[in-house]
Amino acid sequence: MLRALYDAARKTLDPVHYDYVAGGAGEERVVAGNEGAFDRYALLPRVLCGSEVRDTAVDLPGARRAAPVVVAPTAFHRLLHPGGERATARAAAAEGAVLVTGTAATTAVADVVAAAREAAADPAVWFQLYLHPRREVTEALVRRAERAGCTALVVTVDSPVFGRHTRDLRNGFTDLPPGYAAENMRGLPGAPPDGLTDIPMSPSLSWRDLGELLHMTSLPVLVKGVLHPADATVAVEHGAAGVIVSNHGGRQSDAVPAAVDCLPAVARAVAGRVPVLLDGGIRRGSDVAVALALGAAAVGVGRPAVWGLAAEGEAGVRAVLRTLCDEYDHTLALCGGRRNTDLARDMVVRKGETW
Ligand SMILES: Cc1cc2nc3c(=O)[nH]c(=O)nc-3n(C[C@H](O)[C@H](O)[C@H](O)COP(=O)(O)O)c2cc1C
Ligand SMILES: CCCCC(=O)C(=O)O
């Protein structure tokens, strides 16, 4: 069903913008690998232990939500649909999902939260942050997110340098066109007056900078872009409120494993101290179930939400979220589960392998 929406997005979008969303780094092996990895897993149901009434609710930092699906941070929504981030925010709020807006949004975070509040009484909006080499810029962004009413921060740590997006380089798409701006950067120290994207990435950022961020704010901070279990441990030891296993949708390194293949080791390292989230390649409800069985508390969706937005604005994002959550609930029922935690590690097998 979502296929039709994705096809509609492809037809609607300027091909250069389509490529920006669909594409990734290098030969896009990781883009393909994230989705392909789910094809190698199968779910092993339990029987005669289900329930008519299922509870898919999840406790996440700063938010208890009815379903374990989060809208991952993606840049430039106004470029992809006139409704922009406001439409995405209304859709996520109406469906009861966390929306992660962020540094590269083309709508200011205060306006994103206001739109979410129009759609639901108790929305949850998190703010994704690229740590700025200048501490005062990071701090200004944090204050904007706090003042807007965000309930958590997400700090992306997989981007010491920009990824080399092959299609964008070919298409010459390296910045926002005139008329669009990374609105959260507007007026900050070092930002250009025309507000074009100026989101520097720095390979000299360190755990020390994460420590400073944690001291800067009382909001819970999730660390996004962890693949190595040792980094998950360090993040938790520093005080992270959550760890997001992610390879940035294959847009940074083209030599990393599929995100879901990194999940079990990270979940083992974190050992339940904080929630572990997973994004990358989630396309159907059964993918959500596999991720939860492998140790995720919730999953993020990047491209699916963007395709929904591009195709049909707010209604399209709602359709994507509703479909994924409905498919997930159905999968849970088929697995004999009543709640998310019933999806145990021993219910996932590699296809073709005996256990
Ligand atoms: C168009 C696009 C823009 C993105 N922008 C950001 C961003 O600004 N910050 C960030 O942390 N991740 C960004 N991501 C990565 C997503 O948060 C997420 O990790 C990824 O999309 C998950 O993979 P999926 O698209 O297969 O769901 C972006 C991804 C896409 C596709
Ligand atoms: C500075 C914009 C970053 C957007 C991003 O993270 C992506 O396109 O993957």
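In what follows, every heavy atom counts, from backbone to side chain, and hydrogens, waters and symmetry copies are set aside. Just so you know, ligand 1 is whichever comes first in the structure, and atom 1 is the first atom listed for that ligand.
Salt bridge absent: Asp7 and Arg10 never bring a charged side-chain N and a carboxylate O closer than 4.0 Å. Using a 4.0 Å cut-off between charged side-chain N and carboxylate O, Asp261 and Arg350 make a salt bridge.
Across the listed options Gly302, Pro73, Gly249, Pro73 owns the non-hydrogen atom lying nearest to atom 17 (O) of ligand 1. The nearest non-hydrogen atom to atom 12 (N) of ligand 1, considering only Arg251, Gln128, Lys224, Gln252, comes from Lys224.
Remark: the backbone N or O of Gly24 is not paired with any side-chain donor or acceptor of Asp254 at under 3.5 angstrom. No donor-acceptor pair under 3.5 Å is formed between the side chain of Arg86 and the backbone N or O of Val112.
The shortest heavy-atom distance from Glu35 to ligand 1 is not under 4.0 Å. By the 4.0 Å heavy-atom criterion, Asp279 is counted among the residues contacting ligand 1. For His165, the closest heavy-atom approach to ligand 2 falls below 4.0 Å. The shortest heavy-atom distance from Tyr130 to ligand 1 is under 4.0 Å. Not a single heavy atom of Val306 lies less than 4.0 angstrom from ligand 1. The closest approach between Gly102 and ligand 1 stays at or above 4.0 Å for every heavy atom of the residue.
The protein heavy-atom contact nearest to atom 5 (N) of ligand 1 is Ala75 N, 3.3 Å. Residue, atom and distance of the protein heavy atom nearest to atom 4 (C) of ligand 1 are Thr74 CA, 3.5 Å. Among protein heavy atoms, atom 15 (C) of ligand 1 sits closest to His248 CD2, 3.5 Å.
Residue His248 has at least one heavy-atom neighbour below 4.0 Å for each of these atoms of ligand 2: 5 (C), 6 (O), 7 (C), 9 (O). Against a heavy-atom cut-off of under 4.0 Å, Ala72 is close to the following atoms of ligand 1: 17 (O). The contact set between ligand 1 and Ser246, taken as ligand atoms under 4.0 Å from a residue heavy atom, comprises 19 (O). Shown in contact with Gly281 at under 4.0 Å from a heavy atom are these atoms of ligand 1, numbered in order with element: 24 (P), 26 (O). Atoms of ligand 1 lying under 4.0 Å from any heavy atom of Arg283, numbered from 1 in the order shown and given with element: 24 (P), 25 (O), 26 (O), 27 (O). Counting atoms of ligand 2 from 1 in the listed order, those under 4.0 Å from a heavy atom of Phe162 are 1 (C). Within ligand 2, the atoms closer than 4.0 Å to a non-hydrogen atom of Tyr130 are 3 (C), 5 (C), 6 (O), numbered from 1 in the order shown. Under a 4.0 Å criterion applied to the non-hydrogen atoms of Ile199, ligand 2 contributes the atoms 1 (C). Contact atoms of ligand 1 toward Val21: 1 (C), 31 (C) (distance under 4.0 Å to a heavy atom of the residue). Ligand 1 places these atoms under 4.0 Å from at least one heavy atom of Gly280: 22 (C), 23 (O), 26 (O).
Taken from CZ in Arg144 to CE in Met185, the straight-line distance is 8.5 Å, to the nearest 0.5 Å. For the atom pair Leu214 CG and Asp209 CG, the distance stands at 11.0 Å (nearest 0.5 Å). Within the model, atoms OG of Ser246 and CG of Leu227 stand 7.5 Å from one another, a figure rounded to the nearest 0.5 Å.
Between Tyr20 and ligand 2, at least one pair of N/O atoms sits closer than 3.5 Å.
Of the candidates His248, Gln128, Gln252, Gln128 is the only one forming a side-chain hydrogen bond (donor to acceptor under 3.5 Å, both in side chains) with Thr156.
Under the 4.5 Å side-chain contact rule for hydrophobic residues, Leu222 and Phe127 do not share a cluster. When hydrophobic clusters are built by joining Ile, Leu, Val, Met, Phe, Trp and Tyr residues whose side-chain heavy atoms come closer than 4.5 Å, directly or via intermediates, Leu79 is grouped together with Trp307.
Below 30°, between 30° and 60°, or above 60°: for Tyr20 and His165 the angle between ring planes is between 30° and 60°, a tilted geometry.
Looking at Thr156 against ligand 1, only its side chain comes within 4.0 Å, counting heavy atoms.
Using a 3.5 Å distance cut-off with no hydrogens or angles, the side chains of Thr166 and Glu27 do not pair a donor with an acceptor. The closest side-chain donor-acceptor pair between Asn171 and Tyr18, if any, does not fall under 3.5 angstrom.
Smallest separation of non-hydrogen atoms from Glu146 and Met216: OE2-O, 4.3 Å.
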